[in-house]
2 protein chains.
Amino acid sequence: MSSLKKISLKDIAEVAGVSTALVSFVLNGKNKEYRVNEKTAQRILEIAQKMNYQPNIAAKSLRSGRTKTIGVVVSDISNPFFAQLARILEDEAAKRGYTVFFGSSDESTKKMDCIVEKLINKGVDGLIIVPCENSERSIISLINNNISIVLFDRYFPDINVSYVALNNCNAAYTATKYLLNSGYTAPCMVAYDVDLVHMKERIRGYKKALSDAGKRQQANVIFLKQDAPRKSADKLLPKAINEGADAFLFATNMIALACLYVIKDLEQKTVRKLGLVGFDGNPVFDFFYAPVSYVQQPIEMFAMKSLEILIDNMANGNVVQSVLAEGMLVEAGSCK
Amino acid sequence: MSSLKKISLKDIAEVAGVSTALVSFVLNGKNKEYRVNEKTAQRILEIAQKMNYQPNIAAKSLRSGRTKTIGVVVSDISNPFFAQLARILEDEAAKRGYTVFFGSSDESTKKMDCIVEKLINKGVDGLIIVPCENSERSIISLINNNISIVLFDRYFPDINVSYVALNNCNAAYTATKYLLNSGYTAPCMVAYDVDLVHMKERIRGYKKALSDAGKRQQANVIFLKQDAPRKSADKLLPKAINEGADAFLFATNMIALACLYVIKDLEQKTVRKLGLVGFDGNPVFDFFYAPVSYVQQPIEMFAMKSLEILIDNMANGNVVQSVLAEGMLVEAGSCK
DNA sequence: CTGAAAGCGCTTACAG
DNA sequence: CTGAAAGCGCTTACAG
């Protein structure tokens, strides 16, 4: 680090000829509260400025017990959806005086626990977590320890904790309805075989749309393995098409990508007839030879809301506040 | 945060009936060095374990002046190249007991300075920086303040500081040669109009390859605006093709993407004849109707090396160590 | 309106 | 081999 001796409160106090208490009051904007003499306050401020004072965060943290730091645990920071989230959180948190630590769980509860423990140990004031399958216990334990926390993207209906997520059921419903209205008769949903609400809800929306269209019997959900989506897609997609599927609803961006890799190698004339809708946009869609529509998530709003709720919780205690936002269907050129 | 009172050294000391000094020695693995009684050490360890002791990082930092934290400043964490880097750094740093803070400069020196200042203020032990245009002064000032730092992806030949980057000249040379060997006669390079070594070097490699092939005169570099690459590509690419360009070398992933958006709307038969090579892979390449080859950067190795050098510098003083790694050309199916 | 002092949890010379 | 104590830089009751 810097070899220049850092300026401390004491240095400023000496130059100003006052006590460190006074300097602390002034630099923390508490000069009114402690009725510091206006002129003295002014002088202290000027000196601090001139000496380019930077408070020692470690000392502040030790004293106050707060670090102005928050931890964010996502599935994988290199996944575009979460990379985008990271960027927005980074900027927004900075605006509010917070810094963010990121961690990737790879959808493993064990890793998630490990990262959360490290983050808490680092002294984060609160956590934004994308919980993975079977992580209910970990989340409950955090709540019991009175740690400020907001779940993101997914949540557990039985756990009373703040969350920010998409109204997945509605989004899938809209997407499916769109396919049906566009003339497709047998849309098939491609999902992950995981027990997480966002997935369940997307499937529920899909089924509900079919049901409302009098096609309850035709609901057809293909489940891919989360750790090898492409491999399962390789087998299952052609089979579904053979059995009459004329459209696909991809439950996540990664699923869409895996499936498009498979679909692009099928016969072009077959593919051109397919209706395709994904969750979250992707440049790849623009280059695919058949149009791909998608549900757009209001990710910026998600990021802001998560932060807002978390910061409010950290300041005023944990009051559960949740956001279930609507997605927006972005139609690709013309879908059929 | 947690409402449970955290366990401190003192708590352990009381239970063990020893002084906090002893506990500190043992828990920091300095029991040999301070010749702590073997049995006492064992007992302390057990008690610490049983009480689930977690050291207070703020106190440690305040005392030691180190935070076991490093700052990473990239152009934009949501750019896939840097998102990938982030993921690897996060994992590797954790293995070495470090945590990482990220910041995005948006290629602005002002933002870069601002982020760096915040990071230093947060007490990071060192920095990995992707320097932006005209940031020489900022880098020099960091060096003068004796801050451990490793430049990433780009560097300044005139500044004596550690860096980890691609051998850009060689990579561009190889890519251009590949195009020439594949039968293309007038490859054109598409670059950003910035004064950064990595860009200059890529252009130099391209020119050198042409020159070595006796085509020095045909060198043709198109410069896109970094803040609106697509817009400039819209004008300049068709013009280049009209003037005889039969292949393109895209200097970055973002440039490739912008150009492919433009190219895909051109006449198919024209495009199919084009030779296309980019820097860094991209799923989009797999879906483009013409094959796109690319130079692959050893990003994992980059991340490891940066960390290694930085950690070494932080421990043993700033000894300049640099890595200039070779890229690897990944040929798309068949290029022509 | 201001200062002296305690204390956050740790590490480490120093003394024995 | 072990303990008492200083001090990292800050905040904040407390006394005046």
List the residues meeting side chain to side chain donor-acceptor pair (under 3.5 Å) with B:Arg63, not counting sequence neighbours, and say none if there are none.
none

Does the ring of A:Tyr98 carry A:Lys68 above it, NZ/CZ under 6.0 angstrom from centre and within 45° of its axis?
yes

Would you say the side-chain atoms of B:Asn134 and B:Thr109 include a donor-acceptor pair closer than 3.5 Å?
no

Sequence neighbours left out, cut at 3.5 Å: what donor-acceptor pairs do the side chains of residues 299-307 of chain B make with other protein atoms?
from     : atom 1 : to       : atom 2 : distance (Å)
B:Lys305 : NZ     : B:Glu308 : OE1    : 3.3
B:Ser306 : OG     : B:Phe302 : O      : 2.6

Distance, nearest 0.5 Å, that separates CG of B:Leu9 from CD1 of B:Ile7:
11.0 Å

If you assign each of A:Pro55 and B:Ala21 to its closest nucleotide in DNA chain D, which residue comes earlier from the 5' end?
B:Ala21

Start and end of chain A contact along DNA chain D [non-hydrogen atoms, under 4.0 Å]
D:dG9 to D:dT12

Sugar-phosphate only, base, or nothing, as touched by B:Ser64 at under 4.0 Å among non-hydrogen atoms:
nothing

Show every donor-acceptor pair shorter than 3.5 Å between a side-chain atom in residues 153-166 of chain A and any protein atom, with sequence neighbours excluded, or say none if there are none.
from     : atom 1 : to       : atom 2 : distance (Å)
A:Arg154 : NH1    : A:Glu107 : OE1    : 2.9
A:Arg154 : NH1    : A:Glu107 : OE2    : 3.4
A:Arg154 : NH1    : A:Pro131 : O      : 3.1
A:Arg154 : NH2    : A:Ser75  : OG     : 3.4
A:Arg154 : NH2    : A:Glu107 : OE2    : 2.9
A:Ser162 : OG     : A:Gln321 : N      : 2.9
A:Ser162 : OG     : A:Gln321 : O      : 3.3

Main-chain N/O of B:Ser8 paired to B:Asp11 side chain as donor or acceptor, under 3.5 Å
yes

The dot-bracket string of DNA chain D, counting Watson-Crick and G-U wobble pairs with both distances under 3.5 Å, using [ ] for crossing pairs and | for pairs to another strand, is |||.||||||||.|||

Which of residues 29-47 of chain A sit near DNA chain D, with a heavy atom under 4.0 Å from it?
A:Lys30, A:Tyr34

